Amino acid sequence: MRTPLIAGNWKMNGSRSQTKALLHGITSGLQEDTGVEILVLPVFVYLEEARHLLSQTSIQLGAQDLYPGGSGAYTGEVSGHMLKDVGCGYVLVGHSERRTLFHEGLPLVAAKFKAAVEAGLKPILCVGETKQQRENGATETVIREQIESVIEVAGIGAFHDAVIAYEPVWAIGTGLTATPEQAQAVHLTIREQIAQNHVDMAKRIRILYGGSMKADNAAALLAQSDIDGGLIGGAALDANSFLAICEAAVQKVI
Ligand code: PEP
């Protein structure tokens, strides 16, 4: 049984006081020991504050990005070791906003994934197709390439503690959601691709769905056998919405 994971990607939102208020709302409403792993991914500069506020809880801390260098002349960047140093356990890699807005190509995403693992972080590799690619019937090809390019650089062994997030680009922040059947079909394809490289890894790897997951559609998505949790953007910025999604994931464990 894979432990469901619900991760809140806060993107570039909030302030110090809003970060505190959101964490307070989540920690005070969250049931402990439900068998669901909960993760928040705040803005870099609020990680230390978040670590302090989460210290007495089981909520995990992660970052939204990293730079694949150790240390040195990389102005403005943050390394995996630094993230580990401030208490992060996870890091997003290859989020579609990074791939499109910041032009991150397959080699850079793969290098980030490898650097995350080397720093002792669990990477959450985000993959997904655009609307155009889906309409052209290229969904599987696109995702296969996004995963294969990482396997080539980091090796399949690097996926041991990693997570994959299937995030159809057309569903991120748009209010559109893949149907549970559409999402399940892609998740199964991803698991089969991992199985072609390593059968046991495919059984253990968690594959999250992301793309306008909300309180009212989470249960149906999470009920699918290959959907092991959610990567939540907009709905993670409201404690009650996020908690409702966490609650929907508890049903997967019962
Ligand atoms: C995301 O950014 O990873 C995401 C899934 O966003 P949203 O839930 O807002 O679609």
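As a basis for the values below, the full set of heavy atoms in this structure was taken, side chains included, without hydrogen atoms, waters or symmetry mates. Just follow the structure's listing: the first ligand is 1, and inside any ligand the first atom is 1. Fair warning: this is a prediction, and the values are worked out from it, not measured in the lab.
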Within the 4.0 Å heavy-atom cut-off, what Cys126 brings close to ligand 1 is neither

Using a 4.0 Å heavy-atom cut-off, say whether Asn9 meets ligand 1 through its side chain, its backbone, both or neither. side chain

Shortest reach to atom 1 (C) of ligand 1 by a heavy atom, considering only His95, Met213, Gln64: His95

Does Lys214 come within less than 4.0 angstrom of ligand 1, counting non-hydrogen atoms of the residue? no

Please state whether Ala236 comes within less than 4.0 angstrom of ligand 1, counting heavy atoms only. no

Would you call Arg99 and Glu104 a salt bridge, taking side-chain N to carboxylate O under 4.0 Å as the test? no

Under a 4.0 Å N-O cut-off, is there an ion pair linking Lys112 with Asp65? yes

Purely on distance, is any nitrogen or oxygen of Gly233 under 3.5 Å from one on ligand 1? yes

Check: Lys11 N/O within less than 3.5 Å of ligand 1 N/O: yes

When distances are taken from atom 5 (C) of ligand 1, the protein heavy atom at minimum range is Glu167 OE2, 3.0 Å

Of all the heavy atoms in Gly211, does at least one lie under 4.0 Å from an atom in ligand 1? yes

Where ligand 1 meets Leu231 - atom numbers and elements under 4.0 angstrom, heavy-atom basis: 3 (O), 5 (C)

Taking atom CD as the centre, does Glu145 end up with more than 12 heavy-atom neighbours from other residues, nucleotides or ligands that are less than 6.0 angstrom away? no

Is the shortest N/O to N/O distance between Gly173 and ligand 1 below 3.5 Å? yes

In ligand 1, the atoms that come under 4.0 Å of a heavy atom of Ala171 are 10 (O)

Using 30° and 60° as the class limits, which term best fits the ring planes of Tyr74 and Tyr67: parallel, tilted or perpendicular? tilted

Polar contacts were defined as any N/O atom of the residue lying under 3.5 Å from an N/O atom of the ligand; does this apply to Gly234 and ligand 1? yes

Do Met213 and Val127 sit in one hydrophobic cluster, given that two such residues count as connected whenever their side-chain heavy atoms are within less than 4.5 Å of each other, even indirectly? yes

Between Glu129 and Trp170, do the side chains contain a donor N or O and an acceptor N or O under 3.5 Å apart? yes

Enclosure of Glu181 CD (heavy-atom neighbours >12, cutoff 6.0 Å): yes

Where Cys246 and Ile6 come nearest, the two heavy atoms and their spacing: SG-CG2, 4.0 Å

Do the charged groups of Asp161 and Arg206 touch, with an N to O distance under 4.0 Å? no

Find all atoms of ligand 1 within a distance of less than 4.0 Å from any non-hydrogen atom belonging to Ser212, and give their numbers and elements. 7 (P), 8 (O), 10 (O)

